[in-house]
Novice: 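Quick one: the structure is below, and I'll ask about it shortly.
Excluded from the calculations below are hydrogen atoms, water molecules and symmetry mates; all remaining heavy atoms, backbone and side chain alike, are included. Note that the coordinates shown come from a computational prediction; the quantities given were computed from them, not determined experimentally. Proteins get letters first, then strands, A, B, ... in listed order; numbering begins at 1 in each.
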Amino acid sequence: MTTKSVSRLLLLSSVGIGSYLAGSYVERRKTADTVCLRRDDYVNDRSGNLLGTLQSKPGLPIFGTVSAASPIPAEQKSPVVSNVSRIGQIMKYGFPGLDNVRSYDDYVLSYDRRTRVAHWVFEHLTADGVKASQGVDRAKSDFKPDESVHPFFRSLNTDYKGSGFDRGHLAAAGNHRSEQKHCDQTFFLTNMAPQVGVGFNRDKWNHLERYVRKLTKDYPNVYCCTGPLYLPRKEADGKLYVRYQVIGANNVAVPTHFYKVVVMETRDNRLEMEAYVLPNQKIDDETPLTMFQVPPETIERAAGLLFFDKIARSQLSKINGKKV
DNA sequence: TTTGCTGT
């Protein structure tokens with residue numbers, strides 16, 4: 001292990017993420033071998049081998065509407081079609097997982113009912129999209145419970161109140177300023193996670209969000225997936241445990257870490273990827289963001305998700321700034 | 001700049 005990667009592990013607050021780095025990862029991505037939109041009909045492993053089939057379920061909000069096989073009645077065509085095409089654009093490179101998927105006007109989310117925190121949120125960013133329109137203001141938006149979640153599994157403002165943690169956006173409000181409605185929809189509590197405020201949400205994590213927004217100046221299309229991690233840590237008996245605080249009457253989980261996996265399309269149609277893991281704690285302002293870069297596979301193993309799995313690894317010209 | 005809390 002290099003000195004650099006050792007120092008990175010220390011920055012990750014001496015957790016067990018090293019165990020995910022161990023072992024040789026030899027799988028390589030291939031482009032999905034199907035061209036149909038009904039991606040849920042087939043279950044492939046990472047080498048493209050068919051593992052089995054799944055039935056299309058009407059309860060899946062995305063696939064029920066995205067499917068080419070489901071014609072949309074003419075009278076409701078315009079709003080539905082524009083929403084469906086936007087979702088198709090946001091999710092262009094695949095779904096990281098399919099648990100409780102919800103689509104909003106400008107981002108898509110998968111909700112974890114057990115932790116009351118999302119598994120992942122997906123955004124598609126462009127220079128025009130992140131530019132603030134006249135009159136759009138986050139001060140006009142309110143944090144609100146997401147009524148589409150069953151009350152057993154819904155987080156409330158009272159869960160966060162007095163907890164000492166911020167209601168930290170996963171899909172950042174600053175990424176959705178083209179319409180007030182888009183900004184408002186980022187304030188659903190399904191899009192929040194308990195984050196350390198000073199030194200994290202309001203500082204280094206915010207810096208990462210601003211950095212990702214700034215990427216749209218150099219890249220015409222930026223795809224961003226964000227979510228929590230609950231990483232194992234070695235305790236006094238020498239064994240590894242996953243330990244995290246819960247807050248409020250609904251036991252909302254406080255993630256130990258947060259990740260971002262970003263794919264950028266270059267003007268000449270190449271693809272680059274960057275992946276970050278930051279501990280949910282006060283981080284020294286002087287620490288450069290590059291210190292938090294990790295191999296994307298590390299996050300996939302820790303989160304139980306596959307990011308951008310429609311992209312063949314051979315299509316990526318850079319990972320974390322390095323040519324591959 | 002953007003982040004979101006606390007107290008009135």
Novice: Looking only at N and O atoms, is any donor in the side chain of A:Arg210 or the base of B:dT1 less than 3.5 Å from an acceptor on the other one?
Specialist: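 Such a pair exists between side chain and base.
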
Novice: Examine the base of B:dT3 for any acceptor or donor lying under 3.5 Å from a partner atom in the side chain of A:Asn206, and report the outcome as yes or no.
Specialist: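 For A:Asn206, whose side chain was compared with the base of B:dT3, there is no donor-acceptor pair (under 3.5 Å).
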
Novice: Within a strict 4.5 Å, meaning less than it, do heavy atoms of the A:Pro296 and A:Met273 side chains meet?
Specialist: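 A side-chain contact exists here, since the closest heavy-atom pair is under 4.5 Å.
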
Novice: Would one find a side-chain N or O of A:Arg177 under 4.0 angstrom from OP1 or OP2 of B:dT2?
Specialist: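 True: A:Arg177 side-chain N/O within range (under 4.0 Å) of B:dT2 OP1/OP2.
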
Novice: Consider only side-chain N and O atoms of A:Arg102 and A:Ser148, and report whether a donor and an acceptor are under 3.5 Å apart.
Specialist: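 Note: A:Arg102 and A:Ser148 side chains meet the donor-acceptor criterion.
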
Novice: Under 6.0 Å from the ring centre and within 45 degrees of the ring axis: does the NZ or CZ of A:Lys282 meet both conditions for the six-membered ring of A:Phe200?
Specialist: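 Checked: cation-pi criterion not met.
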
Novice: I need the CG-P distance between A:Asp203 and B:dC5, as an integer number of Å.
Specialist: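 Taking atom P of B:dC5 as the reference, CG of A:Asp203 is at 14 Å.
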
Novice: Between A:Arg202 and B:dC5, is there a contact of a side-chain N or O with OP1 or OP2 at under 4.0 Å?
Specialist: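 False: A:Arg202 side-chain N/O out of range (4.0 Å or more) of B:dC5 OP1/OP2.
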
Novice: Give one of base, sugar-phosphate or nothing for A:His169, where a contact means two heavy atoms less than 4.0 Å apart.
Specialist: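 Touches sugar-phosphate only.
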
Novice: When we call it a touch if two heavy atoms are under 4.0 Å apart, what does A:Gly197 touch: a base, just sugar-phosphate, or nothing?
Specialist: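 Result for A:Gly197 = nothing.
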
Novice: Between the protein and nucleotides 6-8 of chain B, which nitrogen or oxygen pairs are less than 3.5 angstrom apart?
Specialist:
none

Novice: Assess whether a salt bridge exists between A:Asp184 and A:Lys181, defined as any Lys/Arg side-chain N lying under 4.0 Å from an Asp/Glu carboxylate O.
Specialist: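 No.
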
Novice: If you look only at pairs with a residue in residues 205-215 of chain A, which of them pass as a side chain to side chain donor-acceptor pair (under 3.5 Å), with sequence neighbours excluded?
Specialist: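 Every pair satisfying side chain to side chain donor-acceptor pair (under 3.5 Å) with a residue in residues 205-215 of chain A: A:Asn175-A:Arg213, A:Trp205-A:Glu209, A:Tyr211-A:Glu274.
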
Novice: In this structure, how many angstroms lie between the P atom of B:dG4 and the CZ atom of A:Phe200, rounded?
Specialist: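 Result: 12 Å.
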
